[in-house]
Amino acid sequence: MTSLRRSFGAPLSAVIVLLTGIWVLGLIAAPQVIMIEQSFWRMDRPAGAAELSVRIDALYNRLDVLALDRAAAEKVKTPSSLNAELARLDAERAGIEAEIARLEAEESTPVKTWTLANYAQMGQAHLWIFAKTILASLAVTAIAFVVCYPIAYAIAKLEPPRRAALIMLALVIPYAINELLRVFAWQMILNYGGPLNAALGLVGIGPVPFLESGTGVFVAMVYAYILFMVFPLYNVLETLDTNQIEAARDLGAKTWQIHRRIVLPHARPGIAVGCIMTFMLSAGSYAVPYIMTRGTADPWFTQLVYNRFFQATNWNVGAAYAFSLLLVCTGFVFLMMKLLKVRLRDIAK
Amino acid sequence: MDIALDGAAVRFGEFQAVHPTDLTIRASEFFSILGPSGCGKTTILRLLSGFLDPSEGEVRIGGQPMAGIGPSDRPTALIFQNLALFPLMSVWENVAFGLEMRGWKKAQRRDKAHELLRMVALDGQADKLPGELSGGQRQRVAIARALAVEPAVLLLDEPLSALDLKLRQHMRAELKQLQKATGITFVYITHDQGEALTMSDRVAVMNRGWIVQVGSADDVYHRPETAFVATFVGETNRLPGRIETASDGKARIATPEGAFVAENPAGLSSGAEAILFLRPERLHLLAGRETPANTLTGKLVRRDMEGAFSTLVVETGAGQLTVQRVNAGTDPLPDGPLHLGFSDSAGVILPPGDTADD
């Protein structure tokens with residue numbers, strides 16, 4: 001703090017501290033705290049409360065029907081029979097209103113109860129989808145790594161710089177298009193009647209249900225998040241001294257040995273960053289599985305979270321689901337760092 | 001093992017990096033390739049190590065043609081200019097890397113690595129990372145790593161250039177001693193003529209893709225065959241002129257300062273344009289009744305004290321000449337004009353051509 005004040009002066013230091021505080025509180029702490037808090041309580045109502053409110057609702061409905069009956073009677077009935085009819089309807093209305101008042105007096109306000117029950121809500125089916133989402137995200141991460149490592153290595157070490165820049169440009173250009181459009185494009189390509197199946201049909205294969213089998217989600221995700229793997233890998237591979245590769249070769253190393261002993265160990269921080277980013281993005285992706293499967297294949301866990309919030313309108317269970325996902329993802333980050341022996345500082349670099 | 005280049009040449013597109021070259025490096029020889037940057041010396045090294053194939057001609061090591069044999073399968077080991085130690089491996093793992101690649105067991109690798117580290121006096125540092133060592137120690141790790149694979153030929157690409165002067169001089173002696181002890185053929189690439197002259201059995205001087213002269217350190221220093229070698233290796237004075245007479249391997253050259261007799265290795269005949277090259281230490285102040293073959297007079301412009309000797313800059317009719325004078329603590333410099341002289345075997349007359357500074 002003192003060194004900050006010495007470098008920037010008191011007013012500027014105050015601004016820096018304030019902005020950092022806003023960042024930490026507003027962008028990191030507050031959303032998490034609010035979500036976690038949500039996930040640990042629910043609104044409890046005493047036994048019979050639900051039936052009570054159903055009965056009150058039914059009575060209100062009956063009131064509306066009576067009002068309609070009354071309006072209808074005024075139009076069609078002759079004056080003589082009208083009065084008797086109106087009296088009958090008004091009497092019934094008064095009876096119902098009295099009943100509603102009695103029942104509403106009985107009705108109690110729901111109580112906020114702290115509980116872990118929101119987490120226990122996840123039934124076997126949802127747990128299975130949760131596990132499958134994590135496994136699928138791991139698979140997407142693995143596929144992305146396998147696809148991106150040779151690309152990044154080729155750009156960083158093999159190509160002459162000008163061609164490397166060109167490949168880089170070709171990789172970036174698709175990202176100028178909105179992600180949703182790109183995913184829709186893949187949805188069309190992989191569709192049952194899409195161009196890929198048409199092409200496969202020409203050689204006598206298919207049609208293959210890419211979307212319905214869930215393959216489409218993998219393809220679209222690897223495609224959508226490839227840059228988040230390529231760039232960290234490229235950045236770290238570019239800093240590898242080419243002489244080290246040649247030295248290893250000179251000392252008798254074969255190509256795979258060079259990669260195992262020299263290139264991969266050097267690339268560890270980049271691998272960690274790339275894997276973490278790709279995993280987080282795929283595990284947390286909503287649009288890609290939604291567009292690619294449209295309900296024809298198993299949903300992604302994020303879709304369940306969405307449904308808790310906006311279809312079951314149970315925000316507490318939704319928050320519990322979301323927090324479970326966050327926990328597993330955070331666990332993955334630390335596992336990755338442990339496995340690759342990377343510290344936070346290396347990743348920040 | 002001996003090495004032979006047989007008309008080997010390297011072209012990168014339009015650029016001729018190495019012109020067709022015939023060169024023989026003898027077994028167990030300390031051979032240096034000396035030249036300015038961009039002269040093609042590193043290309044020759046890559047040709048020998050197998051990272052590059054000749055565009056034409058052939059490379060043979062130990063009589064064996066090397067075409068199609070990659071760097072990992074050649075009996076050579078390369079020490080890189082930046083050493084290229086593996087920063088994430090400990091010192092002993094670095095040294096044992098070549099053995100690991102050859103499938104040695106870990107215990108054997110470790111023993112061999114320790115043995116090599118003892119040889120380069122680094123036994124206590126085996127478990128450190130290269131980054132924790134000093135420049136000279138890293139140097140020795142690189143040597144041990146290269147020697148671990150028991151190469152018949154060790155290729156060194158300016159490995160001392162990153163060290164400071166004292167350490168560089170010390171490592172020169174160590175390298176030379178190591179080469180003698182192991183009997184391995186050393187091919188040493190450098191742009192530093194001091195390194196090349198002190199360590200080498202023979203030196204090849206390169207310029208613009210050509211090997212212009214091969215010989216012992218004395219040969220290239222005292223008996224340069226081209227203007228480039230005369231100017232690139234060591235300091236020299238230049239006196240341009242025209243040959244008056246030539247006979248018996250000597251010639252008389254007319255310069256603005258007068259006519260001088262010197263060696264004529266190129267066999268220039270009278271009337272030819274030529275340059276007389278004269279080392280500063282071969283030009284000396286005349287005292288008493290000396291009557292050397294060549295004399296000239298000049299005015300002292302500057303005296304630079306350099307410790308063991310001083311450098312005198314003398315203005316003459318043929319421009320400024322430098323004279324090196326050993327500081328033996330005797331004669332003070334005379335006042336007035338300086339009388340200089342040199343013997344008829346001190347200078348070399350060569351045809352004009354590329355020089356080191358153009």
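Below, chains carry the letters A, B, ... as their sequence lines are ordered, and counting in each starts from 1.
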Enquirer: Can you give me the closest heavy-atom contact between A:Glu246 and B:Phe51, atom names plus distance?
Expert: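 The answer is O-CZ, 3.1 Å.
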Enquirer: Are the side chains of B:Met89 and A:Ile262 in touch, meaning some heavy atoms are under 4.5 Å apart?
Expert: yes
Enquirer: Which atoms form the tightest heavy-atom contact between B:Glu93 and A:Arg261, and what is the distance?
Expert: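 Looking at all heavy atoms of both residues, the shortest contact is OE2-NH2, 4.4 Å.
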Enquirer: Heavy atoms only, distances under 4.5 angstrom: which of B:Pro87, B:Gly50, B:Gly70 has the most pairs with chain A? Name it, please.
Expert: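 Ranked by contacts with chain A, first place is B:Pro87.
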Enquirer: If you count every heavy atom of other residues, nucleotides or ligands that lies below 6.0 Å from A:Tyr175 atom OH, does the total exceed 12?
Expert: yes
Enquirer: Any heavy-atom pair between the side chains of A:Asp250 and B:Thr76 that's under 4.5 Å?
Expert: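 Side chain of B:Thr76 against side chain of A:Asp250, heavy atoms only: contact under 4.5 Å found.
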Enquirer: Answer yes or no: are there more than 12 heavy-atom neighbours, outside A:Gln32 itself, under 6.0 Å from its atom CD?
Expert: yes
Enquirer: State, to 0.1 Å, how close B:Leu85 and A:Gln244 come at their nearest heavy-atom pair, and which atoms those are.
Expert: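 So the two residues come closest at O-NE2, 3.1 Å.
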Enquirer: Counting heavy-atom pairs under 4.5 Å to chain A, which of B:Gln81, B:Arg145, B:Arg74 comes out on top?
Expert: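 If we count pairs closer than 4.5 Å to chain A, B:Arg145 comes out on top.
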Enquirer: Rounded at 0.5 Å granularity, tell me how far CZ in B:Phe86 sits from CG in A:Leu251.
Expert: 5.5 Å
Enquirer: Let's test your reading of the structure: which of B:Asp73, B:Val149, B:Leu78 forms the most heavy-atom pairs below 4.5 Å with chain A?
Expert: B:Leu78
Enquirer: So which heavy atom on A:Arg249 is nearest to which on B:Ser72, and how close?
Expert: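 Smallest interatomic distance, heavy atoms only, reads O-CB, 3.1 Å.
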Enquirer: Is the number of heavy atoms from other residues, nucleotides or ligands under 6.0 Å of A:Arg5 CZ greater than 12?
Expert: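 Incorrect, the count does not exceed 12.
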